[in-house]
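Owing to the predicted nature of the structure, the values given are computational and were not obtained by experimental measurement. Basis for what follows: all heavy atoms, side chains included, without hydrogens, waters or symmetry-related copies. Residue numbering restarts at 1 for every chain, and letters A, B, ... go by the order of the sequence lines.
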Number of protein chains: 2
Amino acid sequence: MASETTAGLAGVVAGRTAIATVGKEGKGLTYRGYSINDLAGQATFEEVAFLLIYGRLPTESELSDYQEALRGQRSLPGPLKTVLEQIPASAHPMDVMRTGCSALGALEPEGKGRDQTAVANRLTACFSSLLLYWHHLHASGRRIDTASDEGSTAGHFLRLLHGKKPDELKRRAVDVSLILYAEHEFNASTFAARTIISTLPDFYSAVTGAIGALRGPLHGGANEAAMALIERFSAPDEAEKGILGMLAAKQLIMGFGHRVYKISDPRSDVIKAWSKKLAEAAGDERLYPVSERIERVMWREKRLFPNLDFYSATAYHLCGIPTPMFTPLFVVSRISGWSAHIIEQRGDNRLIRPTAEYVGPEPRPFVPISQR
Amino acid sequence: MASETTAGLAGVVAGRTAIATVGKEGKGLTYRGYSINDLAGQATFEEVAFLLIYGRLPTESELSDYQEALRGQRSLPGPLKTVLEQIPASAHPMDVMRTGCSALGALEPEGKGRDQTAVANRLTACFSSLLLYWHHLHASGRRIDTASDEGSTAGHFLRLLHGKKPDELKRRAVDVSLILYAEHEFNASTFAARTIISTLPDFYSAVTGAIGALRGPLHGGANEAAMALIERFSAPDEAEKGILGMLAAKQLIMGFGHRVYKISDPRSDVIKAWSKKLAEAAGDERLYPVSERIERVMWREKRLFPNLDFYSATAYHLCGIPTPMFTPLFVVSRISGWSAHIIEQRGDNRLIRPTAEYVGPEPRPFVPISQR
C-alpha cells in the first residue's frame, strides 16, 4: 500500500551512495566525507566539483589543470547559439538551460572521444555561458562573446552577467553558494537523473531531465519564490504582519522546512552569514532585517527553520543577480552533484523501476464506440 | 539498507495509480479497466489516448473532435524548425525528440490559455512531425510540410515518412503498436516524469525527462537492439547457433524478460500476430522465421519470454520504418501514458524524494590544498 510512509518515497532507501550524507545522524552534511562547513570555509567551487566528480580533492596541479580545462570550454558552438536565439525573451530561463543542455547533447554527443567526465566538465564550463548569451541577446540585442579569463565559475558568471570584473566579496559569496548547492544526495532532480540514467541513455538525457525537476517551486524554484516573498515587505514589522496573515490563510511559505532535515538545514547558517556580510557591505537596511524577522516568525509560529534557499535569495539579490537567474545558477552548481550521481549509478547500475498500488477500475468489458 | 529487494526499487510501491494494471494478479494488463486485448482488437490509438488522458472512452463526437484537434496541430512553428535544422544528421533521433520537446516548451509554454491537456494534445499531434521534418531535411534536403489530412496518428507518421498514402495493413499495424506502447504504469520513463513533475515545474519538463529515460537500451531503446539482433541472421538455424553462442558468452539479449512480468508479456502475442500478418503480406521468409526461432531458443535455454519490444522490431521493419525511428515512435505513443501520469501526479502531488544508504567515507578532516 502507498501508505503515509511511502507516498513520495519519503524515508524509502532507493539505493546506495558514497557521495553525500544528508540527515545521517552524527555525520552532519558531508561531500565525500568532508564537512560542508570546511568546504564552504576553505575550498573553492572548482575544488568541490572536482571532489564530487573524481571522488577526491585535487592536488594543486590537478586543480590548475581542471580550472584551465573549464576556462577553455566556455564558448558555445554556432548551432547552439542559433538554438538559443530561437527562445523568446518571455521564456522561463530554466527552459533555456533545459533546451541548451539537450541541444548540446545533439551537437557534442557523449561517445568516442568524449567520455562522461568530459561531458560533465563541458556542461560545468558552459551553463553560465548559454544562459547569459540568451539573456544579453534579449536585454540589449548583443551577441556576447562568452569566453572569459575569470579563474572561477562564480567569477565567470558575474563577469558575463555584469560585463565587468566582479567585486571579490560578491564573487566569493557566489562561489560559496555554488559549494552549498553542489550536492544533496537523492533530492528530486538527482533522483530523476539517476532514474533516467538507469535505462543507460546518454549523459545529457539525465542532466536535461534533472534541470526540469529542479525548475519546480518544490525544489530549485524555491529560492525565487523566497525572493518574491522577501521583496514584498519594506520593513521587519510589516513582514511579521504579512507572514502571520499568510500563515492564517494557510498559504505555503517557500524556503522553510525540508523533507529530510527536521531541526535545521546545516547549509543555512553558512549562507546566512554571507547574506549578512553582503548586506553590511551594501548598506542594506531592508532585505536582511526583513529576512531575519521572517525566519524568527516562522520558527516561533511553526517551528520551521530556513533551508538553503531562503538566505540564498537575499545573498543573490545583493550580488546583483536578477531573481529569474537564481534557479539557473543552481544548475551551474548542481551539475557537479548530478554528474557524480550519474557516474555512480552507471558504476553499479540497476534499472530504477518501482511498482504502484492500483486504485483504478476493475476489469470491465469494452464498449464499441457506436454503443457509447 | 539497499538490499536485493530495494535496489532499483524493484517491487517497491512508489505511489498510487488508476491508469494501468501491470502484473496485478488476475487483472491482466488493462488501461483504465479495459483489457489491452480488447483495445488492440477494437479501438484506435486516438480512442486509447483519449481514454488515458481524459479517463474514459470518447463518444463518437468526442473522438471526432479530438482527431480534428490533433489533425490541426501537426504544423511546427518557424523557430522550432530552425532549432531542428541545427541538429546534425549524425545525431541520435531521440536527441531530436528531446530537444524538440524542450524547445516547444519554451515557444508554447504551459500556462494562461494553454492548459495541461492542451500541451498533451499538442505533443501527441506534433511528435511525428518534428522527427520527420528533421529526417527529410537530412535525407533529401527537403523542408517538408508536416501537415497531413490523415485521420490517425499512425497514418500521419507513415504518410510523412514515405511521402504517400499509407497501405492500410501497415497503418493499422502501427496503430495497434501505438496502443500497445501507450501506457505501462511506473516504468522508468513514466516514473522519471512523475518524479520531475512532483516538484511542480511545467508539463514539458516532465516529458523531456521521460524522453531521455526512454532512450536507453534498458527501456525504449530495446526494440532497436532487438532489430539489430534479428538482422544479423539470414535463417533460423543460423539464428539458433548465434543465440546459443551469445548465451554461452553471457551476452545480454534485448527484447526478452521484464522487470514486472515473470511468465509472459501480455502485449507480445498481439504484436507477434501482427508481425506474422505483415510477413505473410510481404512474402517475408526470413525475419519472422528468424524471430520465432530466437523466441523458441530463449525459452528453451533461459525460460525467457519475448516482451513487447521483440516482435515490434520485426513489425516496424516490415512497415518500412528505419530502425533508428523505433524508439521515437515509442515516444509518439507513450506521450499519452506520460500525460495521464503527469495529470494524475499533479492531482494528488507529493514530492518524490527518497533517501539513500550511505556507503561513503566517514567524516574526515579537510586538508588544505597546499598540504595535499
In terms of heavy-atom pairs under 4.5 Å with chain A, which of B:Gln371, B:Arg194, B:Glu60 leads?
B:Glu60

With heavy-atom distances below 4.5 Å as the criterion, would you say the side chains of B:Arg372 and A:Leu63 are in contact?
no

Could you tell me whether the side chain of B:Leu218 reaches within less than 4.5 Å of the side chain of A:Asn349, counting heavy atoms only?
yes

Highest number of heavy-atom pairs under 4.5 Å with chain A: which of B:Gly23, B:Gly41, B:Ala188?
B:Ala188

Under the 3.5 angstrom rule, does the side chain of A:Thr199 hit a backbone N or O of B:Ala213 as a donor-acceptor pair?
yes

Assert top hit (heavy-atom pairs under 4.5 Å, partner chain B, pool A:Thr21, A:Leu57, A:Val22) equals A:Leu57

Find out whether A:Asp202 and B:Met94 are in side-chain contact, i.e. whether some heavy atom of one side chain is under 4.5 Å from a heavy atom of the other.
no

Side-chain heavy atoms of A:Leu9 within contact of B:Val12, under 4.5 Å
yes

Please rank B:Pro354, B:Pro201, B:Ser370 by heavy-atom pairs under 4.5 Å with chain A and give me the top one.
B:Pro354

Does the side chain of B:Glu185 reach to within under 4.5 Å of the side chain of A:Thr355, using non-hydrogen atoms?
yes

Counting C-beta onward and ignoring hydrogens, is there a side-chain heavy-atom pair between A:Arg364 and B:Thr30 closer than 4.5 Å?
no

Taking all non-hydrogen atoms of both residues into account, name the closest pair between A:Phe191 and B:Phe191 and its distance.
CE2-CE2, 3.4 Å

Interface check, chain A: of B:Leu200, B:Thr195, B:Leu84, most non-hydrogen pairs under 4.5 Å belong to B:Leu200

Apply the side-chain hydrogen bond (donor to acceptor under 3.5 Å, both in side chains) test between B:Ser205 and each candidate in A:His92, A:Arg215, A:Arg98; give the one that qualifies.
A:Arg98

Stepwise side chain to side chain contact (heavy atoms under 4.5 Å, CB included) test for B:Glu85 and A:Thr82
CA-CA 10 Å; B:Glu85 289 166 14; A:Thr82 304; over 6 Å; no

Heavy-atom pairs under 4.5 Å with chain A - which of B:Glu362, B:His219, B:Arg259 has more of them than the others?
B:Arg259

Under 4.5 Å, heavy atom to heavy atom, which residues of residues 106-114 of chain B contact chain A?
B:Ala106, B:Leu107

Residue pair A:Asp95 / B:Gly105: nearest heavy atoms and the distance that separates them:
OD2-O, 3.3 Å

